[in-house]
Undergrad: 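Before we start, here is the structure in question, set down as structure tokens.
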Amino acid sequence: GSDASGADNGGGAAKKTLTIGIANYSLQAPYFIAMAKAIETEAKTYSNVKVISTDAQGDAAKLTTNVNDLLTQKVDGIIISGGPLNAAPAAMNAIEQKNVPSILVDRKFAGGQYTSWIGPNNTQIGQGDGQYIADRLKGNGTLAVITGGPADNTIGLDRTNGLLGVVKQSPGITVVTAPDFGGWSSDGGLKVMENLLAKNQHIDAVFCENDAMCLGAQKAISDAGRTDEMFLVAADGQKEALAAIESGSNYAATAVNNADTIGRAGLDRMMAVLAGAEPSKDTPLEAPVVTKDNVDRYSNPDSIF
Amino acid sequence: MKLELRGVRKGYGGVEVLHGVDLTAEGGRVLAIAGANGAGKSTLIKVLAGAVPLDGGEILLDGEALTLRGPEDAQGLGFRTVYQELSLVPQMTVTENVLLGALPTKRGLVDWSAAHARVRALLEEIGFADIDPRVRAGKLSVARQQMVEIAKALAVEPRMLVLDEPSAVLAGTDLDRLFDLIRRLRERGVAILYVSHRLAEVMEISDSITVIKDGRVVDTLTPARTSEDEIIALMAGRRLEQIYPDRVPEPGKPLLSVRGLSRDGVFDDVSFDLAAGEIVGMFGLVGSGRSEVARCVFGADRPTSGTVELDGAVTRFRTPGDAIGAGVALVTEDRKHSGLVLGMDVTDNTTFATMTRISRAGLLDIRRRAANVQDMIERLGIHPPRPEIPVRHLSGGNQQKVVLAKWLLTRPRVLILDEPTRGVDMATRVDIYRMIDELTREGVAILLISSDLTEVLGATDRVLVMRGGRLVAEVGSADTTEDEVLAHSVGVAA
Amino acid sequence: MVLDTDSGEVAGAAAPASARWRVAVPSPTVLVLIGAAVAIVVVAGVTNDSFLTEGNMTNLLRQMVSTGLLALGMLLVILTGGIDLSVGSVVALTGIMSAGLVSGLPLPLAILVAIVVGVLCGTVNGVMVARFSLAPFVVTLASMTTFRGLTYVYSKTPITPTTPDFLTLGSQDVGIIPIAAIITLAMFALGWVLINRTSAGRALLGIGGNREAVRLAGVKVRRHLVLAYALSGLCAGVAGVILASRVGIAQPSVGQGFELDAIAACVIGGASLSGGRGTIGGTLAGVVLLGLIDNLLSLYDVQSYWQQVLKGLIIAVAILMRRGERQNT
Amino acid sequence: MVLDTDSGEVAGAAAPASARWRVAVPSPTVLVLIGAAVAIVVVAGVTNDSFLTEGNMTNLLRQMVSTGLLALGMLLVILTGGIDLSVGSVVALTGIMSAGLVSGLPLPLAILVAIVVGVLCGTVNGVMVARFSLAPFVVTLASMTTFRGLTYVYSKTPITPTTPDFLTLGSQDVGIIPIAAIITLAMFALGWVLINRTSAGRALLGIGGNREAVRLAGVKVRRHLVLAYALSGLCAGVAGVILASRVGIAQPSVGQGFELDAIAACVIGGASLSGGRGTIGGTLAGVVLLGLIDNLLSLYDVQSYWQQVLKGLIIAVAILMRRGERQNT
Ligand SMILES: Nc1ncnc2c1ncn2[C@@H]1O[C@H](COP(=O)(O)OP(=O)(O)OP(=O)(O)O)[C@@H](O)[C@H]1O
Ligand SMILES: Nc1ncnc2c1ncn2[C@@H]1O[C@H](COP(=O)(O)OP(=O)(O)OP(=O)(O)O)[C@@H](O)[C@H]1O
Ligand SMILES: [Mg+2]
Ligand SMILES: [Mg+2]
């Protein structure tokens with residue numbers, strides 16, 4: 001990760017107490033929980049920052065409402081963790097009207113109506129995974145792809161498209177995409193993998209749009225007794241996935257999309273903006289691929305996610 | 001007007017119930033239809049009301065063939081029906097029930113004041129001005145609901161009025177008011193079809209009587225030239241020697257003593273004793289509180305004060321289960337609401353009160369259960385004799401037998417029967433009277449609540465009369481007259 | 001008077017002219033709910049600075065629109081003894097269609113077409129339930145899935161409407177009152193008239209109370225059932241369009257679980273899922289109560305997980321306050 | 001015989017000793033469903049190579065476990081005329097608790113505690129419904145939210161159980177039959193005995209059919225209601241533990257929407273949401289049918305959006321096949 005804006009700028013705003021609102025699209029998934037936590041933890045490093053965290057429970061309209069609620073409470077800035085949302089024009093209009101800075105973390109909205117964005121480059125995540133798979137398969141084999149949900153969530157779409165862009169360059173690699181969604185969860189990934197295993201005699205590699213699904217898929221593969229047949233690659237860097245990689249299992253790699261880094265950077269960016277800085281608008285973070293070789297650099301047993 | 005049925009056939013699920021019925025009803029005449037339970041009377045009526053489609057035969061109105069595609073067609077012709085099973089919407093007011101589907105509107109919106117006024121006038125006309133049209137129908141007593149049903153049938157001036165056992169829940173003056181109404185309608189030229197198991201009534205009100213047996217018309221008689229015995233013989237296919245068993249009252253030691261029992265607003269300070277081997281009748285007008293007394297004794301409702309003693313010891317039944325455990329049984333008056341689980345079969349319904357008793361280690365002894373049910377089917381003549389049939393598909397009278405069977409199976413020491421012969425045909429009544437007579441020989445004490453005066457006097461040893469929630473008189477059945485009992489019940493000195 | 005204490009909701013509507021004032025006296029259920037709501041508002045107003053601000057009130061109103069509209073349509077269906085699980089999917093379908101159609105059609109026409117699609121969805125449900133006598137729960141469960149699938153077939157990705165006017169409906173206010181809230185309240189008023197002052201409305205209640213009795217009285221049961229579901233579709237269609245307009249982008253995934261909130265509002269407001277009982281006033285009160293709970297829990301900065309626990313408990317307490325309602329009556 | 005076409009499910013169980021064979025003859029509903037399932041299996045077996053493989057059969061069985069267990073418990077509640085929306089949350093709560101507890105307790109004890117928590121959750125629902133006469137829909141909607149919140153309070157993040165043995169329950173097979181499927185079938189068998197061979201079971205049906213009538217027959221209504229909900233909690237608890245064990249990681253977000261599948265299985269199997277009607281056989285058939293649909297749509301590579309449309313339509317057709325069932329009877 002990288003603290004693009006630099007926390008040191010924050011000190012300048014220490015005069016009065018600042019209230020920062022966080023509008024979370026959903027606090028059901030550990031990834032977003034971890035990110036909200038990171039923002040709050042980082043806020044504690046400033047003496048004058050109070051954080052109000054809201055949860056739209058997966059409802060875009062509620063996110064709009066929550067943003068309005070936060071504006072009602074006269075927050076000084078709003079950090080939005082938009083989950084799968086592609087845009088939230090009404091919410092962004094309201095923020096713009098009140099002239100409050102908005103920082104997007106993880107999720108970039110279409111339309112550019114925000115102060116600054118820090119998040120992963122999902123296409124790059126896919127490409128990194130794709131490169132790893134193509135290399136390891138040496139250009140030949142069957143790759144199964146498990147997607148998280150409908151295409152209105154472009155996070156997954158970008159990752160898969162990034163992956164396919166690389167993998168498709170090796171004509172020897174056959175891609176089978178599961179027709180049903182893994183729902184971004186372990187039990188979903190398990191079920192989709194079970195069906196894939198039933199349908200495909202031989203699979204060499206599995207790609208999941210996030211770690212949670214691949215953790216379930218790994219279990220399905222071991223239940224079917226086909227652990228030696230294939231390896232798994234995913235994205236996020238969830239700590240269970242890192243542990244699986246570290247243990248030398250067939251969970252081979254994951255591309256880092258560090259909730260903790262993004263969250264902290266998001267708050268720091270907000271403080272910088274409030275202090276008057278004009279940071280670069282979009283800050284995509286690096287997404288290194290973690291394998292057994294470099295996993296010790298990324299694993300942190302104390303992290304939530 | 002003249003309505004003819006020719007060869008009408010109707011079956012349910014492949015089993016034919018009406019096998020070609022011919023019948024003629026005429027304006028200005030009351031045609032009574034008599035027949036044993038399950039003979040097909042209600043089915044015939046449903047055909048006429050367009051409630052069920054007929055399978056064969058034809059209906060002619062003044063010589064022209066009719067097709068009834070639904071109840072709305074029959075209603076359009078001025079055929080109005082009072083069904084045997086109450087068909088009110090309990091959540092709705094009396095007004096809405098009476099004018100269901102025909103609420104008066106003004107500029108497209110319902111005109112409630114006109115509606116209430118209309119219903120008040122209607123209720124007045126049928127002699128029930130004391131029913132508040134704005135009250136929810138479900139809050140009324142069964143008898144009052146029955147009168148609401150009748151008002152509903154009269155909401156539009158009928159050409160033909162069909163009444164399926166309208167009197168089963170009525171007694172005394174209520175019944176008189178119904179008969180007045182029928183006579184007035186007859187004078188106005190309305191054709192009336194009247195179904196009842198109370199043959200004395202039938203003889204009194206009808207111009208002719210058609211007897212149906214097993215879905216076929218067996219004869220049409222004129223009241224002046226027939227007798228109750230003859231009708232019963234035609235219905236049952238056998239002659240009944242005697243309706244009520246001869247009873248020599250030999251009360252044993254008191255089993256159940258009710259002392260100063262009251263329930264606020266319903267009844268007050270009721271005390272009486274039931275001795276082993278005794279049949280005690282309880283008579284009263286609708287709403288006099290008989291059913292409520294029974295329910296409080298049985299633990300179904302809580303009395304506000306007073307005690308119930310069993311074998312001389314004060315007991316307190318918190319739930320019906322306690323009462324059943326102590327050997328008290330209550331056959332409730334409203335089988336549809338409180339007696340039966342209509343969707344479940346005869347076996348279940350017959351054994352609900354005894355199933356824990358015939359369980360071993362938590363498991364039902366299904367052989368024993370089946371044997372018990374079979375026994376009851378035979379003893380009460382439940383028809384059809386099939387334990388696996390849902391009670392919903394039984395005729396009204398047979399449903400009543402299932403309720404009786406359930407309580408008889410508990411082998412009670414004290415049996416309270418609230419209108420037990422409601423809708424039960426004559427032949428079966430005789431069986432029931434014989435059965436309770438036999439029970440008393442085994443030392444059972446019986447309280448028979450009934451609105452049928454003849455029955456209350458004929459089947460019992462002595463009669464308690466209630467009026468306005470109080471016990472007002474006690475008379476020996478053999479030493480009194482119907483007029484005397486009636487007088488007590490309305491509060492006129494005899 | 002005494003006799004009908006727990007039936008005020010139905011009986012009240014049927015009061016004669018001489019006692020016309022009774023119409024204005026809400027039933028005990030509604031009174032309890034209004035009492036609860038007022039208590040909440042007072043406590044919140046005193047203890048929380050942001051609560052009684054103009055901005056928050058506008059917000060609160062806007063927030064209640066979706067649940068409100070869906071609950072209104074749901075009530076009509078619930079009165080008949082049915083249920084409509086498909087409303088969330090209809091919201092998604094009509095929302096994305098309206099957002100998609102504005103690029104080709106004039107705004108009012110696009111909205112109209114989307115709402116008509118909502119009515120059609122409801123009609124399909126109604127026909128399945130009425131004509132084929134199928135259990136409403138399964139019919140609408142099946143159509144919930146089907147309509148959601150169709151939404152994705154229409155567009156897999158969110159649609160940002162090309163016309164800026166599209167946002168007016170969901171975002172504009174008249175004074176502090178959002179247009180959307182005015183539309184919702186107007187629809188509730190129409191719903192009140194339908195239920196209390198038309199024979200069709202009474203028939204809906206009757207069907208839920210005793211379908212056979214209503215049929216025997218010559219009422220066309222099927223036609224009325226279709227009407228109830230079609231109106232539920234209509235309400236969901238309006239909600240879908242307003243929601244898309246409010247968020248400013250239509251997502252195919254929107255609306256999941258909305259049906260539960262709508263049903264909850266009806267039941268908290270005294271409606272019985274067995275049919276035959278329920279009122280417009282109660283439902284509105286239920287909507288307000290649910291909206292207040294959500295709004296306050298977030299204003300008071302309650303942790304999201306505890307918010308859920310608290311929300312559940314508050315609903316439980318709300319219904320506990322109107323004991324006496326029996327499960328099957 | 002002919003007369004009881006739409007009641008065979010209840011009647012069948014009550015056959016007298018002399019006609020004991022009737023017990024073995026499933027009702028028309030079940031026959032239609034079995035027919036549909038067999039037809040699907042045959043067609044799928046012929047046209048799809050992967051379908052009849054050992055691996056897929058094991059999958060199919062394993063995938064039916066959650067829905068199966070939840071539907072079983074749900075059936076008991078539905079028979080009484082109630083509904084239990086909280087089962088999905090109970091799955092999450094018990095799953096994560098069992099996974100969390102194994103780190104401190106011996107495996108069987110951890111599982112037991114988790115299941116007891118499930119029973120407690122159900123009991124809370126039951127007491128609210130029975131003791132305070134509250135509408136089951138709202139009670140369990142409230143507890144659905146509450147239990148979900150408690151799950152997150154217990155652990156916001158997924159828990160990986162530390163004991164490898166924990167995984168046995170969900171993953172081990174006996175031959176090609178997963179242990180979990182055996183447990184499920186055994187519980188269905190117990191459920192059959194409960195419903196058809198015990199007075200408690202008959203009481204549950206009676207309560208749903210006519211609560212007042214069975215109360216007057218001496219049945220302790222409240223106690224039986226609590227029993228039904230507690231057993232639903234038990235089933236959800238078992239499902240939660242098995243699911244956590246099967247996935248190998250317990251997530252607090254698991255189980256959303258599971259209640260709808262469980263209810264759908266019951267209703268497809270002929271249960272009536274107004275209570276008093278439903279069978280174990282029908283419910284099992286409903287579970288199998290839903291499982292088959294899911295499995296096949298995926299094997300045939302039907303795109304997810306169309307999967308939803310098709311699934312909805314197949315459910316609609318399945319219930320259309322057993323017309324005659326009336327909405328409120
Ligand atoms: N819905 C139904 N399904 C199947 N069988 C039915 C149905 N309704 C009535 N039957 C059967 O039709 C026969 C005639 O019933 P019906 O109700 O017409 O008798 P009834 O003459 O009115 O008897 P009662 O005097 O007891 O009211 C009975 O054997 C009954 O079991
Ligand atoms: N005018 C009335 N309007 C409405 N309800 C009435 C009226 N009169 C009596 N009731 C109701 O009748 C009930 C008392 O009658 P109960 O059933 O105990 O008496 P009953 O003598 O058995 O009469 P019934 O023949 O009606 O069963 C009470 O619940 C009372 O509320
Ligand atoms: Mg009859
Ligand atoms: Mg009585």
Side-chain angles (χ1 to χ4, degrees), chain A residues 19 21-28 32-33 36-37 40 50-75 82-94 97-98 109-111 113 147-154 157 181 183, chain C residues 48-51 53-60 62-67 91-92 95-96 148 151-152 155-161 164 166-167 170-171 239 242-258 261 291 294-299 301-305 307-308:
Chain A
T19 312
I22 316 174
N24 291 293
Y25 175 79
S26 165
L27 285 182
Q28 296 271 312
F32 296 111
I33 294 172
K37 257 271 146 17
E40 284 165 32
K50 189 184 153 225
V51 166
I52 303 174
S53 180
T54 63
D55 176 9
Q57 288 165 8
D59 176 352
K62 186 134 197 288
L63 184 84
T64 312
T65 302
N66 287 346
V67 166
N68 283 318
D69 278 346
L70 290 171
L71 292 172
T72 298
Q73 297 177 64
K74 302 217 163 43
V75 293
L85 284 182
N86 199 30
M92 299 316 287
N93 284 348
Q97 263 174 25
K98 290 268 154 89
F109 284 167
Q113 215 182 355
T147 55
D152 59 338
N153 179 353
T154 55
L157 204 63
F181 301 130
Chain C
N48 193 301
D49 291 342
S50 329
F51 180 70
T53 58
E54 225 172 75
N56 190 48
M57 286 297 119
T58 310
N59 222 351
L60 197 53
R62 213 177 268 144
Q63 214 170 314
M64 292 174 190
V65 167
S66 294
T67 316
V91 164
I96 205 151
R148 176 72 60 189
T151 307
Y152 279 107
S155 169
K156 290 190 211 353
T157 48
I159 297 183
T160 314
F166 188 79
L167 299 186
S171 329
I242 291 182
L243 189 62
S245 146
R246 172 152 170 249
V247 181
I249 179 169
Q251 308 169 98
S253 60
V254 88
Q256 269 147 10
F258 280 21
D261 273 338
D294 266 355
N295 181 260
L296 280 172
L297 287 177
S298 84
L299 282 193
D301 226 349
V302 178
Q303 269 293 305
S304 172
Y305 322 111
Q307 268 194 32
Q308 295 193 43

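Letters go in sequence order (proteins before strands), and every chain restarts at 1.
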Undergrad: Tell me, side chain or backbone of A:Lys74 under 4.5 Å from chain C's heavy atoms, or both, or neither?
TA: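 The answer is neither part of A:Lys74.
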
Undergrad: Hey, are the side chains of C:Thr58 and A:Thr72 touching, using non-hydrogen atoms and a 4.5 Å cut-off?
TA: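 No, side chains not in contact.
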
Undergrad: Given that the side chain runs from C-beta out, which part of A:Val51 has a heavy atom under 4.5 Å from chain C: side chain, backbone, both or neither?
TA: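 Answer is backbone: N, CA, C or O of A:Val51 sit under 4.5 Å from chain C.
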
Undergrad: With a 4.5 angstrom heavy-atom cut-off, could you sort out which part of C:Leu167 is near chain A: side chain, backbone, both or neither?
TA: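 Just the side chain, heavy atoms under 4.5 Å.
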
Undergrad: Measure the shortest side-chain to side-chain distance between A:Thr65 and C:Arg62 over non-hydrogen atoms and say whether it is less than 4.5 angstrom.
TA: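 Counting from C-beta outward, A:Thr65 and C:Arg62 never come under 4.5 Å.
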
Undergrad: Looking at CD1 of C:Ile249 and CZ of A:Phe109, how far apart are the two atoms once the value is rounded to the nearest 0.5 Å?
TA: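 Interatomic distance, C:Ile249 CD1 to A:Phe109 CZ, rounded to 0.5 Å: 8.5 Å.
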
Undergrad: Given a strict heavy-atom distance threshold of 4.5 Å, which part of A:Asn93 is in contact with chain C: side chain, backbone, both, or neither?
TA: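 Side chain only.
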
Undergrad: Applying side-chain contact (heavy atoms from CB on, under 4.5 Å), name anything that partners A:Ala90, two or more places apart in sequence or on another chain.
TA: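 Per chain and number, A:Ala90 pairs via side-chain contact (heavy atoms from CB on, under 4.5 Å) with A:Thr64.
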
Undergrad: Looking only at heavy atoms and a cut-off of under 4.5 Å, which of A:Asn66, A:Leu27, A:Asn24 has the most pairs with chain C?
TA: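 Among the listed options, the one with the most contacts to chain C is A:Leu27.
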
Undergrad: Would a 4.5 Å heavy-atom cut-off, applied to side chains only, mark C:Asn295 and A:Asp69 as touching?
TA: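 Yes; the side chains approach each other to less than 4.5 Å.
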
Undergrad: Output all residues satisfying salt bridge (Lys or Arg N to Asp or Glu O under 4.0 Å) with C:Arg148, sequence neighbours left out; order by chain, then residue number.
TA: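 Once residues adjacent in sequence are excluded, C:Arg148 has no partner under the salt bridge (Lys or Arg N to Asp or Glu O under 4.0 Å) criterion.
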
Undergrad: Looking at C:Val247 and A:Pro89, what are the two nearest heavy atoms and their distance?
TA: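 C:Val247 and A:Pro89 have their closest heavy atoms at O-CD, 3.1 Å.
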
Undergrad: Assess whether side-chain contact (heavy atoms from CB on, under 4.5 Å) is satisfied between C:Gln251 and A:Asn86, documenting all intermediate values.
TA: CA-CA 9 Å; C:Gln251 308 169 98; A:Asn86 199 30; over 6 Å; no

Undergrad: Is there a side-chain contact between C:Gln63 and A:Asn68, using heavy atoms and a 4.5 Å cut-off?
TA: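 Not touching, per the 4.5 Å side-chain cut-off.
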
